[in-house]
Structure formats: C-alpha cells, structure tokens
Undergrad: 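What follows is a single structure, and I will ask about it in a moment.
These numbers were taken from a predicted model, which means no experiment stands behind them.
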Amino acid sequence: MGSMVLLDLMGGVALLLWGLHMVHSGVLRAFGPDLRLWLGKALNNRLSAFAAGIGLTALLQSSTATALMTSSFAADGLVGLVPALAIMLGANVGTTLIVQVLSFNITAVAPVLFVLGLVAFRSGPRSRLKDLGRVSIGLGLMLLSLHILLDTLAPAENAPGVRVLMGAMTGDPVLCVVLAAVITWAVHSSVASVLLIMSLAYAHFITPAAALALVLGANIGGAINPLIEGARRDNPASYRLPLGNLFNRLLGAALFLPFLGPIAVHLQSWQPDLAKATAEFHILFNIFMAAIFIGVLDSLARALKWLLPDRVRESDPARARYLHESALETPSLALADAARETLRMGDMVETMLRNVMTAMMTNDRALVDQVSSMDNAVDSLDEAIKLYVTKLTRGSLDDREGKRAMEIVSFAINLEHIGDIIDKNLSELATKKIKRRFQFSPEGVEELSAFHKRIMDSLRIAFGVFMSGDVNEARWLLAEKAALRNTELAATERHLDRLREGRPETLETTSLHLDVLRDLRRIHSHICSVAYPVLDAAGELAALRGKDNDLASLSAPAPEPSSR
C-alpha cells in the first residue's frame with residue numbers, strides 16, 4: 001500500500017512538472033520574440049519593470065525562465081541592474097498568481113482544456129494556434145495532476161506511520177525551509193513545490209505553521225536555480241541579479257520565520273481551508289517583500305556592484321563571449337546569441353583580410369604573424385558556434401528557427417574557410433614577398449588594392465545580409481560576384497601586357513600578383529554564400545542561377561556597407 005501511494009505521488013508530481021513545461025514551452029514558441037520586445041520596452045522605470053515581471057512570469061509559469069532571460073540581458077549590459085531587480089520582484093509575485101488560481105477547485109475544467117488543446121494542436125502546420133493548444137494541454141495536465149495528488153493523499157491521511165514520518169520531517173520550521181528549498185531546487189519550479197505543499201496541507205499531513213515554513217523554503221529554492229544556471233563564472237557581474245533576488249528571499253524568510261505560529265493562527269481564523277491559506281500566504285509574502293525592496297533597489301544595486309565588480313575583459317579572443325548555455329531553452333534567444341558570436345567571428349576575419357593586404361604592401365612581418373594567430377581564434381569560434389547550434393537543434397524548433405540555425409552554421413563555416421585562405425594562402429604569399437624583397441609595380445599595387453577594397457566592401461554588406469536578410473543587398477552580392485570575375489580577367493590581361501613589356505618588377509611578382517587575385521576571388525565566393533538563402537526564400541534563386549552569365553546586369557550602385 002505504501003509503495004503504491006509513493007508511486008502515485010511521484011507520478012502526480014511528474015505530471016505536474018510536465019504540465020508546467022508544456023505551458024512554458026508553448027508560450028515561448030507562440031510569443032518568444034514578442035515577449036523579449038515587450039520586456040525591453042517595459043524597462044523605462046522600476047514600476048513598469050515590476051509589472052512586466054508579473055505579466056511575463058504569469059504567462060511563462062516560471063520565475064526561473066524570467067530570471068534567466070533577464071540575467072542574460074543584465075550581464076551583457078542591455079538592461080540596468082535596478083530595472084532588472086524590479087523585474088525579479090514582479091516575477092516572484094507572478095509565480096503566485098497561478099498558485100492562487102489553482103487553489104480553487106477547478107479540476108472539472110481539465111477535460112475542456114484537453115479537448116480545446118488537442119483540436120488546436122492538431123490544427124495543421126506549425127502555427128501560434130498550435131502552440132496555444134500546447135499551453136491548453138499543459139494547463140489541463142496541471143489540473144489533472146492536482147486531482148491525482150489529492151486523491152492519492154486522501155486514503156493515507158489516517159495512516160499512523162505516515163503521520164509520524166511527516167511530523168518528524170516538518171516538526172522543525174528551519175528543517176521545513178531547508179527541505180522545501182532543496183526540493184524546489186531539484187524540480188526547478190517553485191510553482192510545483194507550492195502546489196505540492198497545498199496538497200499536503202489539504203490532506204492535513206502537515207501543520208499550518210509547517211505549511212508556511214515550507215512555502216518560505218520553496219521561495220528560497222526558486223531563487224537558487226538562476227544563480228547556478230544563469231550566472232557565468234567568467235563574468236562576476238552576471239551573479240548580481242540572481243544574488244540580489246536570493247538575498248530578497250533569504251531576508252524575507254528570516255523576517256517571517258520567527259512569527260509563523262501567530263501568522264498561521266490569524267490566517268486560519270480568516271481562511272479555514274489550509275490549502276487556500278497556504279496559497280494566500282505565498283502571495284502575501286511576495287507582495288510584502290516587493291513593497292519593502294521596490295524603494296531601496298538603488299542601494300541594493302550599488303551594494304551588488306561593489307561586491308561583484310565588472311570583469312576585466314578577457315584577453316583570449318578564441319573564447320566565445322555570447323554563447324550562453326542558459327539561452328538554449330529559448331530558441332529565439334539562443335539564435336540571437338549564435339548570430340552575435342558569428343558576427344564577432346566575422347569581425348576577426350575582416351581584420352585578418354585587412355591586415356594581410358597591409359602586410360603584403362608594406363612588408364610588415366609582424367602583421368603576418370598576427371593574422372596567423374587570429375586564424376586559430378576563428379577556428380575555435382567556428383567549432384564553438386557549430387557545437388552550440390547543434391545543442392539547440394536537439395530541441396524542438398519551428399521551420400523558421402531551423403532555417404535560421406542552418407544559415408548561422410553555414411555562414412560560420414564560410415567565414416572559417418575565408419580565414420583559412422587568408423592564413424594558408426595570402427599570408428604565405430606575403431611571407432614569400434617579404435623574404436625575397438619583391439615589389440609590385442605601381443599599376444599592380446593599384447589593381448590589387450582596388451580589388452581588395454571591393455572584397456572588403458562585399459564582406460561588410462554580407463554582414464548586413466546575414467542579420468537583416470535584405471534581398472536587394474543579396475542581389476547586389478551575386479551581381480558583384482559576376483562583375484569581379486570580369487574584373488579579374490581584365491586585371492590579368494593588363495598584368496600580361498606589362499609582362500610582355502618586360503618590366504622587371506612585373507617579371508618577379510607575376511605569380512604573386514595572379515595568386516593574390518585568385519585567392520581574393522575565392523574569398524568573395526565564400527562571402528556570397530550568405531546571399532543564397534535570402535534569395536531562395538524570396539523565390540529568386542532559380543532564376544538568378546539560370547541567368548548566371550547575366551548577373552552583372554542586375555548590379556545597381558553598391559549599397560553603403562553596413563556599419564552594424
């Protein structure tokens with residue numbers, strides 16, 4: 001009998017956690033990018049940030065998700081620490097709303113939610129309606145799990161052994177706090193923990209004071225996960241927000257713990273139903289702590305900045321800066337991080353391309369060595385980006401997110417190939433020229449410099465296409481590809497004319513000159529790879545490939561390179 005009760009209890013808790021997960025993931029899939037934009041607009045002052053934290057967490061059913069999202073923004077300097085702390089105060093209140101709703105007996109709604117969710121989920125291709133169906137099914141599972149928990153605990157209410165065990169576990173308020181904190185940390189959900197506490201209270205397994213102590217522990221446990229998962233060891237500033245939130249929870253527990261007995265008596269005189277009284281204490285505790293802290297956030301922020309100063313910028317360029325593991329649960333955030341890291345990789349490649357030509361023209365050996373070391377960093381970032389996106393694609397992505405993930409990987413691979421061409425070809429050509437003290441003819445210098453400038457301009461435009469998906473710039477890149485082919489042929493012909501004239505500097509640099517032109521055009525081919533997905537999405541790729549020889553006719557005046 002005891003084993004069956006334990007199994008049913010574990011099953012009910014597992015079903016509750018899965019329901020929470022479905023609600024959370026469904027809301028993120030349906031409104032993920034919109035939620036981030038909404039959160040960004042709500043950061044003008046602490047009151048609007050507090051309200052945004054309440055609304056966002058009520059939708060996501062997870063203060064941990066809100067904390068991870070906000071911590072990522074705050075660590076990168078995109079959000080001030082004061083509004084970020086206000087968001088977390090709101091998030092703590094937001095978690096209580098679903099608990100408050102579920103404290104009422106609305107189990108009969110579960111079948112309706114299942115039917116509506118199933119119809120919406122099977123509505124066809126991936127859509128917002130389908131994601132909302134997932135949310136509806138998740139809410140139904142949460143209600144069903146509560147029904148299972150209550151039905152499981154009811155027969156065991158009068159079992160002496162169970163009462164002795166629960167009395168031993170919950171007899172000490174401090175032990176209750178620690179026990180609930182550990183359980184909440186393990187299940188990653190304060191909502192699930194509080195709902196379980198309510199079930200125990202409803203079945204009279206725990207005393208009123210123990211129920212309130214367990215709620216305090218659940219609030220502390222909910223603040224531990226963001227500190228462990230959202231903070232980055234290489235950036236002390238990333239610990240500020242989760243540590244400030246944990247301090248809020250710990251201080252609140254310390255303030256309330258000595259008075260739990262009188263509070264429980266007053267609550268029960270007002271609300272005899274212990275399960276509802278537990279839910280009401282949960283919301284009153286968080287509102288009380290928000291009211292205390294909302295006015296002193298500036299002082300708290302200063303203390304956290306003093307305790308955890310900004311990091312000294314890392315000197316290792318090969319280390320990824322924006323690939324946050326905590327963002328993998330939110331595909332839109334993770335894709336933005338991967339794109340940002342790819343742009344950083346592109347900045348390195350752009351610097352390499354500029355420096356290798358400067359080294360070749362000025363015979364600067366130190367620049368050649370610098371280019372070689374930067375290629376190692378580019379290779380490391382390429383591997384990190386591919387691994388990060390691979391982790392992301394193990395989850396559930398919609399078609400748009402899947403295509404974007406492949407675009408990011410493809411562009412990173414092409415940037416890595418460009419780095420290899422610069423390091424293994426152009427750098428060796430520069431080294432050869434420096435060792436043999438060769439000099440290009442004035443006309444050769446002008447031709448190579450002009451050709452190189454066009455490659456650099458195309459690379460900057462490719463960055464813009466990668467981020468914006470601009471069809472006009474994508475067309476221009478492919479038109480420029482055809483035009484550069486003709487430019488290379490014309491430059492080669494002029495070089496051969498100088499060679500026929502017997503000019504000495506042309507004779508000694510002929511292979512260098514032609515190899516540099518060839519390698520620069522190869523680089524441009526990799527640059528143009530970013531245009532193909534954009535034109536394919538616009539339905540223009542097949543037509544452009546069919547008119548490959550006429551691509552130059554599509555060329556308009558070159559757009560200004562994006563400054564990003």
Undergrad: Can we say Arg460 and Asp457 salt-bridge, meaning some charged N sits less than 4.0 Å from an Asp/Glu carboxylate O?
TA: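 Looking at Asp457 together with Arg460, the answer is yes, because their closest N to O distance falls below 4.0 Å.
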Undergrad: Tell me, do Val378 and Leu415 make a side-chain contact under 4.5 Å, heavy atoms counted?
TA: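 When only atoms from C-beta onward are counted, Leu415 and Val378 do not touch, as no gap falls below 4.5 Å.
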Undergrad: Which pair of heavy atoms, one from Ala301 and one from Val82, lies closest together, and at what distance?
TA: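 Minimum heavy-atom contact is CB-CG2, 3.8 Å.
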Undergrad: Side chains of Asn245 and Asn92: do they bring a donor and an acceptor to under 3.5 Å?
TA: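 Judged by distance alone, the side chains do pair up.
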Undergrad: Output, in order, the C-alpha distance, side-chain angles, deciding distance and verdict of side chain to side chain contact (heavy atoms under 4.5 Å, CB included) for Asp298 and Arg302.
TA: CA-CA 6 Å; Asp298 294 298; Arg302 283 194 296 271; 3.9 Å; yes
Undergrad: Got a donor-acceptor contact below 3.5 angstrom from the Ser427 side chain to the Lys424 backbone?
TA: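 Checking the backbone N and O of Lys424 against the side chain of Ser427, no donor-acceptor pair under 3.5 Å is found.
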Undergrad: Evaluate the side chain to side chain contact (heavy atoms under 4.5 Å, CB included) criterion for residues Val534 and Val530: first the C-alpha distance (whole Å), next the side-chain angles of each, then the deciding distance (0.1 Å), finally the verdict.
TA: CA-CA 7 Å; Val534 175; Val530 76; 5.9 Å; no
Undergrad: Under a 4.0 Å N-O cut-off, is there an ion pair linking Arg404 with Glu401?
TA: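 No, no charged N to carboxylate O under 4.0 Å.
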Undergrad: As an exercise, state the distance from CD1 of Ile461 to CG of Asn472, rounded to the nearest 0.5 Å.
TA: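 It comes to 11.5 Å.
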Undergrad: My understanding is that only one of Arg494, Arg454, Lys453 makes a salt bridge (charged side-chain N to carboxylate O under 4.0 Å, His left out) with Glu447; could you say which?
TA: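 Answer after filtering Arg494, Arg454, Lys453: Arg494.
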Undergrad: With sequence neighbours left out, what residues match Lys432 under side chain to side chain donor-acceptor pair (under 3.5 Å)?
TA: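 Applying side chain to side chain donor-acceptor pair (under 3.5 Å) to Lys432 gives none.
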Undergrad: Could you work out, with side-chain contact (heavy atoms from CB on, under 4.5 Å) as the rule, every residue matching Asp519, not counting sequence neighbours?
TA: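 Only Ile421, Asn425, Leu426, Leu429, Arg522 meet the side-chain contact (heavy atoms from CB on, under 4.5 Å) criterion with Asp519.
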Undergrad: Could you check whether any side-chain N or O of Ser380 sits under 3.5 Å from a backbone N or O of Asn376, counting only pairs where one atom can act as donor and the other as acceptor?
TA: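 Checked: pair present.
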Undergrad: If you apply the rule side chain to side chain contact (heavy atoms under 4.5 Å, CB included), what do you find for Lys391 with Glu325, and how did you get there?
TA: CA-CA 9 Å; Lys391 289 181 182 178; Glu325 294 290 323; 3.3 Å; yes
Undergrad: Answer yes or no: is there a donor N or O on one side and an acceptor on the other, between the side chain of Glu341 and the main chain of Tyr322, under 3.5 Å?
TA: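 Pair found, side chain donor or acceptor close to backbone of Tyr322.
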Undergrad: Might you point out which heavy atoms bring Lys481 and Ser525 nearest each other, and give the distance in Å?
TA: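 Scanning both residues, the minimum pair turns out to be CE-OG, 3.9 Å.
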Undergrad: When you measure from the side chain of Tyr239 to the backbone of Gly244, do you find a donor-acceptor pair of N or O atoms at a distance under 3.5 Å?
TA: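 Between the backbone of Gly244 and the side chain of Tyr239 there is no qualifying donor-acceptor contact (under 3.5 Å).
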Undergrad: Any idea which heavy atoms bring Ile408 and Leu335 closest together, and the distance?
TA: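 In this case the closest contact between Ile408 and Leu335 is CD1-O, 3.6 Å.
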Undergrad: Between Phe451 and Leu517, is there a side-chain heavy-atom distance shorter than 4.5 Å?
TA: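 In short, these two side chains touch, coming nearer than 4.5 Å.
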Undergrad: Starting at CD of Glu473, measure out to CG of Leu478 and round the result to the nearest 0.5 Å.
TA: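 Interatomic distance, Glu473 CD to Leu478 CG, rounded to 0.5 Å: 12.5 Å.
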Undergrad: Between Arg518 and Glu488, is the closest basic N to carboxylate O distance under 4.0 Å?
TA: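 Arg518 and Glu488: not salt-bridged.
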Undergrad: Looking at Leu132, is its backbone amide N or carbonyl O close enough to the side chain of Ser136 to form a donor-acceptor pair, meaning the two atoms are under 3.5 Å apart?
TA: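 Judged by distance alone, no pair lies under 3.5 Å.
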Undergrad: Return the set of residues passing salt bridge (charged side-chain N to carboxylate O under 4.0 Å, His left out) with Asp375 (not counting sequence neighbours), or none when no residue passes.
TA: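 Checked Asp375 against salt bridge (charged side-chain N to carboxylate O under 4.0 Å, His left out); zero matches.
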Undergrad: Rounded to the nearest 0.5 Å, how far apart are CG of Leu343 and CZ of Phe463?
TA: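 Here the rounded value is 7.0 Å.
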Undergrad: What orientation do His417 and His526 show, parallel under 30°, tilted 30 to 60°, or perpendicular over 60°?
TA: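 Taking His526 first and then His417, their aromatic rings sit tilted (interplane angle of 30° to 60°).
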Undergrad: Taking all non-hydrogen atoms of both residues, which atom of Met360 and which atom of Ala430 are closest, and how far apart?
TA: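 Scanning both residues completely, I find the closest heavy atoms to be CE-N, 3.7 Å.
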Undergrad: Lys403 vs Glu407, test: salt bridge (charged side-chain N to carboxylate O under 4.0 Å, His left out). Steps then yes/no.
TA: CA-CA 6 Å; Lys403 288 179 181 177; Glu407 287 172 9; over 6 Å; no
Undergrad: Over all heavy atoms of both residues, which pair between Pro309 and Arg240 is shortest? Give the atoms and the distance, please.
TA: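 Nearest heavy atoms, Pro309 then Arg240: C-NH2, 3.5 Å.
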Undergrad: Apply side-chain contact (heavy atoms from CB on, under 4.5 Å) to Ser458 and list each qualifying residue two or more places apart in sequence or on a separate chain.
TA: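 With neighbours one apart ignored, the set is Trp476, Leu477, Glu480, His524, Ile527.
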Undergrad: Under the side-chain contact (heavy atoms from CB on, under 4.5 Å) test, which residues partner Ile434, sequence neighbours left out?
TA: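 Once residues adjacent in sequence are excluded, the partners of Ile434 under the side-chain contact (heavy atoms from CB on, under 4.5 Å) criterion are Asn363, Arg365, Val368.
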Undergrad: Measuring from Leu353:CG to Ile422:CD1, what's the distance to the nearest 0.5 Å?
TA: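 If I round to the nearest 0.5 Å, the distance is 4.5 Å.
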Undergrad: Taking Ser449 for its side chain and Glu446 for its backbone only, find out whether a donor-acceptor pair lies under 3.5 Å.
TA: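 Flag not set: sc Ser449 to bb Glu446 has no pair under 3.5 Å.
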Undergrad: Does some side-chain heavy atom of Asn414 sit less than 4.5 Å from a side-chain heavy atom of Ser410?
TA: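 Ser410 vs Asn414: side chains touch.
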Undergrad: Would you say that Phe247 contacts Leu304 through its side chain, given a criterion of any heavy-atom pair below 4.5 Å between the two side chains?
TA: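 No - every pair of side-chain heavy atoms lies 4.5 Å or more apart.
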Undergrad: How about Leu307 and Leu243: do any of their side-chain heavy atoms sit closer than 4.5 Å?
TA: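 Yes, their side chains come closer than 4.5 Å.
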Undergrad: Just verifying a value: how many Å separate Ile224 CD1 and Trp185 CH2, rounded to the nearest 0.5 Å?
TA: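 Between atom CD1 of Ile224 and atom CH2 of Trp185 there are 8.5 Å.
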Undergrad: Which pair of heavy atoms, one from Tyr388 and one from Ala327, lies closest together, and at what distance?
TA: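 In this case the closest contact between Tyr388 and Ala327 is OH-CB, 3.7 Å.
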Undergrad: With sequence neighbours excluded, what pairs up with Asp382 under the side-chain contact (heavy atoms from CB on, under 4.5 Å) test?
TA: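 By the side-chain contact (heavy atoms from CB on, under 4.5 Å) rule, Asp382 matches Met345, Lys386, Ala412, Ile413, Glu416.
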Undergrad: Below 4.5 Å, heavy atoms only, C-beta onward: do Val471 and Arg475 meet side chain to side chain?
TA: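 A side-chain contact exists here, since the closest heavy-atom pair is under 4.5 Å.
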Undergrad: Just do the side chain to side chain contact (heavy atoms under 4.5 Å, CB included) check on Ile455 and Arg521 with the steps written out, would you?
TA: CA-CA 8 Å; Ile455 305 298; Arg521 189 169 64 81; over 6 Å; no
Undergrad: Nearest 0.5 Å, what's the CG-CG distance between Asn355 and Leu367?
TA: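 These two atoms lie 5.0 Å from each other.
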